[in-house]
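In what follows, every heavy atom counts, from backbone to side chain, and hydrogens, waters and symmetry copies are set aside.
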Amino acid sequence: MSFCRLVAQFRGIVVVLSVLTVFLIEVKARNAACNYAVVISDAAYKENGWKIVADSLVKKHSRNGSTKLFTWQSGVAETKTALAEYKPDYVAFIARPVSECKSSFIVNVHRLCRALDADPYGDAVWGIITGAKAEDALRAISESLLVKTVLSASGNLSYEPPIQRFYQALGMTCDSYTKTDYLFPGKMGIVYTEDKRPENQKDRIKLVSKWLNAQSLDLSVEGHGILSGPVDCIITGGHGNVNLWQCHYPDAGTEGYMRSSGGKLMGAPYSGSSIEINAKTPKIYWCASNCLMGNPDKKDNIVYGAFGSGHAVQMFGFVNNASAGDEFMAWGVYDRVTKRAGKLTLPQGYFLSNNNALFEIRNSGKQINTRMVEIYMDSTVFYGDPAGDVHFYSFGDTAHAFKTDITMSQGNNGMTDFTYTYTMVAHDLEFGEGYSYQFRPIELLPVRIDPSTVELISNDGSKYEITDNLLVWQMLSSEEKLLKGKSKTLKWRAKITDDKKTKIAENGIPENKKDVPGIRFTRSGNRIQSIVANNLPAGRYVLQVNDISGRVHLKKEIEFTGNSISVPSGVLHIPGVYCLSIRGKNVEYINSKIYPGNSGGR
């Protein structure tokens with residue numbers, strides 16, 4: 001996965017923890033991880049509002065690495081050669097509503113982003129930036145979001161120990177007027193179910209409209225818990241259309257709809273007046289398996305309402321009708337993002353699931369009709385900044401379905417040795433349809449390599465494909481299992497072609513290491529128990545810990561008064577390699593990405 005989201009966007013102190021020592025790495029912002037491309041038509045760039053959107057993205061991501069603006073006149077494919085030379089990690093396609101942002105544009109973007117080099121797979125994580133007006137797009141790219149509260153508005157919640165998909169959530173089953181699931185914070189994923197909706201309301205659109213408008217849910221069930229804070233992500237379910245969401249399913253029953261018109265969302269109850277939706281806080285609109293809700297072909301469509309009065313920062317949806325064969329792009333995306341919450345952002349999960357679908361087509365395990373799979377590869381869409389600071393709350397590896405690691409060490413003759421390890425955490429894994437779209441290993445590489453130099457060292461699975469930036473691995477074959485707690489590894493060596501993201505010393509120790517004044521760590525057994533900070537200027541800080549593969553293990557706001565402060569971690573295993581950032585407005589920007597050889601980072 002690309003590292004730019006992890007620490008480069010923070011102004012702060014970056015610390016790398018290893019089993020033996022702690023290092024401070026000081027590198028200026030422009031040596032950071034990512035190439036970020038902004039693509040816009042000449043005509044749009046001549047309009048002041050859309051020009052501001054493009055220039056704002058360039059400025060925003062120039063802090064994270066390299067940014068570059070690309071323009072086109074008659075079609076977005078005109079940028080192919082220039083983009084291929086630039087080798088972007090992320091691409092933001094700015095498109096004016098309807099005239100540019102339409103179904104055919106989405107297909108063209110998909111195909112363009114698979115055509116930037118010789119291999120057939122995707123070459124950059126991308127998103128489409130749009131809105132009913134430029135101001136909506138500008139607002140969406142300017143906000144960040146830590147997703148803590150999820151509303152599964154037409155779906156249930158499941159207890160899947162030890163997996164914890166969400167910090168807190170509420171679910172309302174699509175075919176019931178009463179059944180309500182609650183996931184309260186601190187309950188380790190345990191779901192409490194009542195046969196009664198909040199306020200005894202049997203038309204859920206009245207509740208959904210109210211909750212989207214609210215700055216806090218403030219729902220309590222005596223003896224069980226409280227849900228507070230705004231809705232951060234709504235997962236729709238039910239049935240969709242281009243400008244309408246049907247909450248009850250399969251028939252509409254006596255519940256209402258959400259409608260969109262002219263960049264505004266509204267609740268349309270079964271009885272009673274319409275309810276204007278004017279959300280005050282940023283949200284993800286995740287139309288996971290709904291027909292048509294991602295279609296941008298008319299100004300009254302849901303897309304423009306979501307990014308208008310719905311206050312969307314991101315959205316996922318189907319452009320056409322969803323049906324059999326949508327598993328990779330519907331539940332593949334959903335499970336990859338939520339079963340390892342905090343590991344992947346929504347655009348990253350979408351990118352990987354799309355490429356996993358292509359691997360299935362090229363290397364069919366005969367579990368799914370690949371002709372149907374192919375239809376949805378180019379007819380689903382992610383809207384929003386593909387490298388935006390929007391991610392789900394993480395409880396760490398112990399609350400994930402599985403975990404993965406990529407370690408790198410210096411080899412001979414300019415080669416680097418890679419070790420990819422996949423470990424089942426929650427349950428046994430068996431080859432089959434679910435494995436194919438949910439669990440098959442697929443990862444963005446932390447650096448770009450020359451795929452012609454790949455030499456296999458060892459393989460615990462079968463077929464694999466390694467491109468310049470991507471690994472896809474058929475780890476299991478028919479009738480094979482990976483038992484809970486067990487691992488499989490794939491090892492190879494290759495030449496790195498783009499090492500701006502990392503430096504590997506010959507002895508496996510990062511270059512330019514320094515002692516870190518004021519930061520120390522207390523241990524308990526095989527975990528780092530707490531992070532102790534002192535000697536920082538007084539003020540508010542955001543403390544974040546990531547491992548080298550990009551997963552967020554810890555993110556907390558701290559108030560430092562000049563005395564020592566201890567922040568419980570509870571999730572950092574030893575041995576391991578972690579990057580810690582402390583961000584405050586008075587702290588100079590410092591950033592790097594390192595791989596301390598064979599340290600066994602987790």
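The six-membered or imidazole ring of Y422 lies near that of F402, with a centre-to-centre distance under 6.0 Å. Remark: aromatic rings of Y393 and F166 are distant, center separation not under 6.0 Å. With ring centers used as reference points, F70 lies under 6.0 Å from Y86.
Of all the heavy atoms in Y383 and C101, the pair that sits closest is CE2-SG, 4.0 Å. Nearest approach of A92 to L57, heavy atoms of both residues: CB-CD1, 3.9 Å. Nearest heavy-atom pair, P386 versus Y36, reported as atom, atom and distance to 0.1 Å: CD-OH, 3.6 Å. Here the closest non-hydrogen pair linking G131 and Y304 is C-CD2, 3.6 Å. The heavy-atom pair separating A312 from A140 by the smallest distance is O-CB, 3.5 Å. The two residues I449 and F418 come nearest to each other via the heavy atoms CG2-CZ, 3.7 Å.
A salt bridge between R139 and D136 is absent, with no side-chain N of the basic residue lying under 4.0 Å from a carboxylate O of the acidic one. A salt bridge links R448 and D89; the closest N-O separation between the charged side-chain nitrogens and carboxylate oxygens is under 4.0 Å. Under the 4.0 Å criterion applied to side-chain N and carboxylate O atoms, R114 and D123 are not assigned as salt-bridge partners. K102 and D297 are not joined by a salt bridge, as no carboxylate oxygen comes within less than 4.0 angstrom of a charged side-chain nitrogen. The pair D450-K495 does not count as a salt bridge, with every side-chain nitrogen at least 4.0 angstrom from each carboxylate oxygen.
Proximity of a side-chain donor or acceptor of Q348 to a complementary backbone N or O of T345 within less than 3.5 Å is detected. Side chain of Q410 to backbone of T416: no donor-acceptor contact under 3.5 angstrom is found. Between the side chain of T338 and the backbone N or O of A341, no donor-acceptor pair lies under 3.5 Å. A donor-acceptor pair under 3.5 Å links the side-chain atoms of D232 to the main chain of K148, judged by distance alone. At least one donor-acceptor pair closer than 3.5 Å links the side chain of K488 to the backbone N or O of D460. A donor-acceptor contact shorter than 3.5 Å is absent between the side chain of N413 and the backbone of M415. N108 places a side-chain N or O within 3.5 Å of a backbone atom of S104 that can act as its donor or acceptor partner. Although no hydrogens or angles enter the test, the distance criterion places a donor-acceptor pair under 3.5 Å between the side chain of N363 and the main chain of F359. Between the side chain of R336 and the backbone N or O of Y437 there is at least one donor-acceptor pair closer than 3.5 Å. A side-chain donor-acceptor contact under 3.5 Å links N301 to the backbone of N295.
Within the model, atoms NE2 of H110 and CG of D378 stand 5.5 Å from one another, a figure rounded to the nearest 0.5 Å. To the nearest 0.5 Å, atom CG of residue D42 and atom CD of residue E78 are 8.0 Å apart. One distance of note links OG1 of T370 with CE of M377; it measures 11.5 Å at 0.5 Å rounding. S56 contributes atom OG, which lies 11.0 Å from atom CG of D385 (distance to the nearest 0.5 angstrom). Atom CD1 of I302 is separated from atom SG of C287 by 7.0 Å, given to the nearest 0.5 angstrom.
Between V91 and P88, the closest side-chain pair of non-hydrogen atoms falls below 4.5 Å. Under the 4.5 Å side-chain criterion, counting only non-hydrogen atoms from C-beta, L444 is in contact with L352. Side-chain contact check for L445 versus L470: every heavy-atom pair is 4.5 Å or farther apart. Contact check for T404 versus K343: side-chain heavy atoms found under the 4.5 Å cut-off. Under the 4.5 Å side-chain criterion, counting only non-hydrogen atoms from C-beta, L83 is in contact with L112. I466 is not listed as a side-chain neighbour of P451, based on a closest heavy-atom distance of 4.5 Å or more. The side-chain heavy atoms of P296 and S103, taken from C-beta on, include a pair separated by under 4.5 Å.
Tested against D335, the residues R340, R165, R440 include a single salt bridge (Lys or Arg N to Asp or Glu O under 4.0 Å) partner, R165.
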Check against side-chain hydrogen bond (donor to acceptor under 3.5 Å, both in side chains), S41 and E100: CA-CA 9 Å; S41 70; E100 293 175 347; 2.5 Å; yes
Please step through side-chain hydrogen bond (donor to acceptor under 3.5 Å, both in side chains) for the pair E443 and Y420, ending with a clear verdict. CA-CA 9 Å; E443 299 275 345; Y420 177 78; 3.3 Å; yes
Given D405 and T421, is the side-chain hydrogen bond (donor to acceptor under 3.5 Å, both in side chains) satisfied, shown in steps? CA-CA 5 Å; D405 299 292; T421 305; 5.5 Å; no
Run the side-chain contact (heavy atoms from CB on, under 4.5 Å) test on I284 and I234 for me, step by step, so that the C-alpha distance in whole Å, both residues' side-chain angles and the decisive distance to 0.1 Å come before the verdict. CA-CA 6 Å; I284 297 174; I234 177 172; over 6 Å; no
Can K51 and D55 be said to form a salt bridge (charged side-chain N to carboxylate O under 4.0 Å, His left out), step by step? CA-CA 6 Å; K51 181 180 187 299; D55 292 345; 2.7 Å; yes
Full working for side-chain hydrogen bond (donor to acceptor under 3.5 Å, both in side chains) between Y334 and S353: CA-CA 9 Å; Y334 177 71; S353 293; over 6 Å; no
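Using modelled atom types and a 3.5 Å distance limit, the side chains of T281 and K283 yield a donor-acceptor pair. If you check the side chains of N459 and W473, you find a donor sitting under 3.5 Å from an acceptor.
Y121 is linked by a ring-ring contact (aromatic ring centres under 6.0 Å, His included) to nothing, counting only residues two or more places apart in sequence or in another chain. Considering only residues two or more places apart in sequence or on other chains, Y45 meets the ring-ring contact (aromatic ring centres under 6.0 Å, His included) condition with none of them.
Taking the six-membered ring where tryptophan is involved, the planes of Y167 and F395 are essentially parallel, since the angle between them stays under 30° and well short of 60°.
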